[in-house]
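There's a structure below that I have some questions on.
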Number of protein chains: 2
Amino acid sequence: MKPVVLRSFCDKGPAVDFFVARKEYVKSGKIATVRIRRLESMTKIRNMEEFAAVSGLSRPTVSKYFHDPDSVRATTRARIEEALERFDYRPNIYAVNQNRKLTKNIGIVVPYLADPFFAEIARYLEQSCIAAGYRPSLFSSHGEHKLENEILDSLRSLKPAGVLLAPLGRASDRSAIEKFCENVPTVLFDSNLEGLGAAFIGSDNFSFVSQTVEYMTRTGEPPSFFEMRTPANPNANKRRKAYIEVMERLGFEPHVVKIDGEGWAFEEIGRKGAAKVLGRRELKTNSVLCSNDRLAIGFLSACYEMGIRVGRREDCALRVASNDNHPFSRFTCPSLTTAAHDYDNVAGRSVETLFELIENGGKLGNRTETLFPARLVLRESA
Amino acid sequence: MKPVVLRSFCDKGPAVDFFVARKEYVKSGKIATVRIRRLESMTKIRNMEEFAAVSGLSRPTVSKYFHDPDSVRATTRARIEEALERFDYRPNIYAVNQNRKLTKNIGIVVPYLADPFFAEIARYLEQSCIAAGYRPSLFSSHGEHKLENEILDSLRSLKPAGVLLAPLGRASDRSAIEKFCENVPTVLFDSNLEGLGAAFIGSDNFSFVSQTVEYMTRTGEPPSFFEMRTPANPNANKRRKAYIEVMERLGFEPHVVKIDGEGWAFEEIGRKGAAKVLGRRELKTNSVLCSNDRLAIGFLSACYEMGIRVGRREDCALRVASNDNHPFSRFTCPSLTTAAHDYDNVAGRSVETLFELIENGGKLGNRTETLFPARLVLRESA
DNA sequence: ATAAAAACTTTACGCGCGTCAAATTTTTCC
DNA sequence: GGAAAAATTTGACGCGCGTAAAGTTTTTAT
């Protein structure tokens, strides 16, 4: 038997003054065991070097294990996992990512996280990424293009394998996003910026509006369209256009009601706008299609306050429908008839496309735009 | 004049075959300028070394600048900032953090980001951190303690200067959080775990309930208390206890109505529970205090569907109040009377405390628990 | 049992940056 | 103008890890 080779591996810190047997640990029992116990009780593992030492392996082997546990021998793997239980060491993710050419990071950026719609879709995206073995990082632009740009800068440092980006839209700094997309595999979702990113996945705004308009005209008066004068999101413009187009196709005169307001407090904007419009009797129809659910929530709130009965029943004065199927639209009074995003498909296809993009080394063929149709959700309000 | 010293600084990549004059750039015009232009048009700055070269400075000086722009001479600073405009280089944040002993990272962890309450408070916290020159990273546990633990592990790698943690509460893995707090300066908020973290900042649940109960008894019948049977959040228990205590102190018999339901879909749980309770006429009072606003939103929705008029007016059958001042409570029908969190103070004090903790090297005196009182928001529902 | 294959160890370098001490330059001040 | 002070440069090391080549050990196949 060879002599017991004791090898120093800590050259500073609390573990400065003792040693640990490495491969000899297996063969030459006692001494090494004692030393290791002593280590075990005294210090925490600070890096992979130390962890490799206590598991009696070399650092490259341990590194290999963390990259892919099946890439090492079964006995080796067992040894590492045993040590893992005793020491609960984890590689420093950021150091790992700095060195790996392909990281498992994925950036998710949404324009406004306090909006439950984005919160919900972000949750779905995060979980899909985790399920696929990636590490998502979530960012919210909070409605500010300056912050959006800073997030993109942070993301560069993260060296993400890919990014799922729902841009602010009109407020976005197009050239900044363009540059970013040149360097990082990016899939846009929810809000399209023409030509940017490897692909866009979103909802078909035309499908939203055509379904709600057709439903409302079929079952009653054709609706007016209720929206913000200066919408933050480009989807809003598409919805207005779709409304006008569908109305004209059906032979009705479109009525677009534009209300004032800036920012992301859509409910309050909708409430005030509705109060104004209803108070002045500017509404020419007894049915209203809101550009999005958050405006509709405010609209319904105003109606309630003014004692206007909303719903599809005969004793109601007004019907209100909307678009998005916001998580709370089920709980408005009355519950909101709305065109639902195909959340699952938008989110699912977004991550699928991104994974495909990543596997192809960051390049896909032509830039594709995938639009999922809406699903009409009939509730009480229209 | 000295000869022009041409110095190589790129030893690989697209810039492999040319040179850039460094300090001689200033003195000896043409040649150097040409070289730099050539570089400028051909390559992107990949690291601080290259950036230092094109700005004609040494890397340590540039590093110093990024740490504190005022720590270098004004002329030096101007030179760097000039180069910055031409090349838009930024240090890799994660590499920076790996090496700095004190990073500017702050971790923010909330239990469930799809809850607008947390989304709102997270937004406030993020912006406070940014304003103070820190870099916040936001994480959501999505209601799962497993995910909460993984987030804490990720945070260790981030080497954060401090962490703002709103734990899941009862579902949290106490020992994991305890270990984490030993290593990382952590301030708990919203949901307290006794003894953990350097401080706790939250709302005074007693103050919520006492105000709503007193208001309701003063202006009508004393309320029943409506809550989930197995609440996820420890605040719920405190609220129930406070309700019972206040009711008894005022000489009324407490009525606690417990409804079934698991998870974080509080609105739906509240709606179903309310429908059941109201349908069976199990409610012994004509006024109800909901444990939180999300339950109340569901409750009001059920009332509307059942044709029960809610409000404080005489023609109403039921009064409903609640706690939290959820961002949407303004828009329920009727608008919700509720006890408001002191958002600004809770968030503000949380970050203040954390900054203080960070400045003190991670140690404060005794662990403090700061509770901000609620503010009663009178609206239409009670 | 023996050779080939597989797994592991050693050694060494790189990532992008912080940081420190010593040497050099520039600035400031009298 | 000269010396002291301030700023910068150089050179070197460290962070925690990935990765590659070459050599050694273990496993598998024959």
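No hydrogens, no waters, no symmetry mates; every other heavy atom, side chains included, goes into these values. Numbers restart at 1 for each chain; the letters A, B, ... are given by sequence-line order, proteins then strands.
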Seminar exercise, completed: Taking for A:Arg73 and for A:Val96 the nucleotide of DNA chain D with the nearest heavy atom, the one nearer the 5' end belongs to A:Val96

For this session: Using a 4.5 Å cut-off on heavy atoms from C-beta on, say whether the side chain of B:Asp173 contacts that of B:Glu148.
Result: no

Seminar exercise, completed: Whole-Å distance, A:Asp70 CG to C:dA6 P, equals 17 Å

For this session: Determine whether the side chains of B:His142 and A:Gln127 contain a donor N or O and an acceptor N or O closer than 3.5 Å.
Result: no

Exercise. When we call it a touch if two heavy atoms are under 4.0 Å apart, what does A:Ser157 touch: a base, just sugar-phosphate, or nothing?
Worked result: nothing

Exercise. What is the distance from CZ of B:Phe66 to P of C:dC17, rounded to the nearest Å?
Worked result: 9 Å

Exercise. What is the minimum heavy-atom distance between A:Ser55 and A:Arg79, and which atoms define it?
Worked result: O-NE, 3.6 Å

Problem set entry | Nearest non-hydrogen partners of B:Ile151 and B:Ser140, listed with the distance | CD1-O, 3.4 Å

Exercise. Just wondering, do A:Glu50 and A:Phe87 contact through their side chains at under 4.5 Å, heavy atoms?
Worked result: no

For this session: Round to a whole Å and report the spacing from CE of A:Met48 to C1' of C:dT9.
Result: 16 Å

For this session: Return the value, rounded to whole Å, for the distance between atom CD of B:Glu49 and atom P of C:dG14.
Result: 13 Å

Exercise. Of all the choices, D:dG11, C:dC17, D:dC17, which nucleotide is nearest to the side chain of A:Arg59 once you look at every atom?
Worked result: D:dC17

For this session: Specify the separation, in whole Å, of atom CD1 of B:Ile93 and atom C1' of C:dG18.
Result: 16 Å

Problem set entry | Rounded distance in Å - CG (A:Asn92) to P (C:dC17) | 16 Å

Problem set entry | Under-4.0 Å side-chain N/O to phosphate OP1/OP2 contact, B:Ser58 with D:dT8 | no

For this session: Could you check how far CD1 of A:Ile45 sits from C1' of D:dC15, rounded to whole Å?
Result: 17 Å

For this session: Write down the distance between CZ (B:Arg90) and C1' (C:dG16), rounded to a whole number of angstrom.
Result: 16 Å

For this session: Please determine if a side-chain N or O atom of A:Ser63 lies less than 4.0 Å away from the OP1 or OP2 oxygen of D:dC17.
Result: no

For this session: May I ask you to say what B:Tyr89 touches in the nucleic acid, namely base, sugar-phosphate or nothing, with a heavy-atom cut-off under 4.0 Å?
Result: sugar-phosphate

Problem set entry | Short side-chain N/O contact to D:dA7 OP1/OP2 from B:Thr61, under 4.0 Å | no

Problem set entry | Toward the 5' end of DNA chain C, by each residue's nearest nucleotide, A:Ala95 or A:Pro60 | A:Pro60

Exercise. With nearest nucleotides of DNA chain D determined for A:Val62 and B:Asn99 from heavy-atom distances, which residue corresponds to the more 5′ nucleotide?
Worked result: B:Asn99

Exercise. 5'-most contact on DNA chain C: B:Thr75 or B:Gln98, nearest heavy atom basis?
Worked result: B:Gln98

